[in-house]
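Data block below; observations after.
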Amino acid sequence: MALNHVSELKHLIQKLVSDNVSTNKKSLAALAKLTKKTENAIKFCRNGGLELLIGFIQRTNPKLTDMALSVLANCSLENECRQKVNRNK
């Protein structure tokens, strides 16, 4: 994976802690695209992204929940990420 994707993923993960809904939507949309690639999904999971997604799934904003579920679905295609999801139940 290219270095810029690693730093971009880390930057987007950091933005997920924002209280700004617009920032969250933009970050989740970008992550949904990036995590379609296996190596990006695995990097996302290894860098703590899954734990943050769980928070979005538990929120009452249906748009953020849907977007977080899209990222989670992409990540769940990878065995390593699936194992982490199962541990976070």
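In what follows, residues are counted from 1 in the order of the sequence shown. It should be emphasised that the depicted structure is a prediction, and the values quoted were computed from it without experimental measurement.
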Item to check | Atom pair CG/CE of Leu72 and Met67 - distance to nearest 0.5 Å | outcome: 14.0 Å

Checklist entry - Do the side chain of Thr23 and the main chain of Asp19 share a donor and acceptor less than 3.5 angstrom apart? => result no

Checklist entry - To the nearest 0.5 Å, what is the distance between NZ (Lys43) and CD (Glu80)? => result 9.5 Å

Checklist entry - Where is the tightest heavy-atom contact between Thr35 and Ala32, given as atom of each residue plus distance? => result OG1-O, 3.6 Å

Checklist entry - If two hydrophobic side chains count as joined below 4.5 Å and joins carry through other members, does Phe44 share a cluster with Val17? => result yes

Checklist entry - For Thr65 and Phe56, which heavy atoms make the closest approach, and how far apart are they? => result OG1-O, 3.2 Å

Checklist outcome for this item: For Cys81 and Ala41 the tightest heavy-atom approach is SG-O, 3.5 Å

Next on the checklist: To check you understand the geometry: which heavy-atom pair defines the closest contact between Arg46 and Lys84, and what is its length?
Outcome noted: CA-NZ, 3.6 Å

Item to check | Leu34 side chain reached by Asn74 side chain, heavy atoms, under 4.5 Å | outcome: no

Checklist entry - Are any non-hydrogen side-chain atoms of Leu9 and Asn47 less than 4.5 angstrom apart? => result no

Checklist entry - NZ/Lys26 to OG/Ser18 distance, rounded to the nearest 0.5 angstrom? => result 10.5 Å

Next on the checklist: Between Leu77 and Leu28, is there shared hydrophobic-cluster membership here, with clusters defined by ILVMFWY side-chain heavy atoms closer than 4.5 Å?
Outcome noted: no

Checklist entry - In Å, rounded to the nearest 0.5 Å, how long is the span from CG of Leu64 to CD1 of Ile57? => result 11.5 Å

Item to check | Interatomic distance, Lys15 atom NZ to Leu52 atom CG [nearest 0.5 angstrom] | outcome: 14.5 Å

Checklist entry - In Å, rounded to the nearest 0.5 Å, how long is the span from NZ of Lys33 to CG of Leu12? => result 11.5 Å

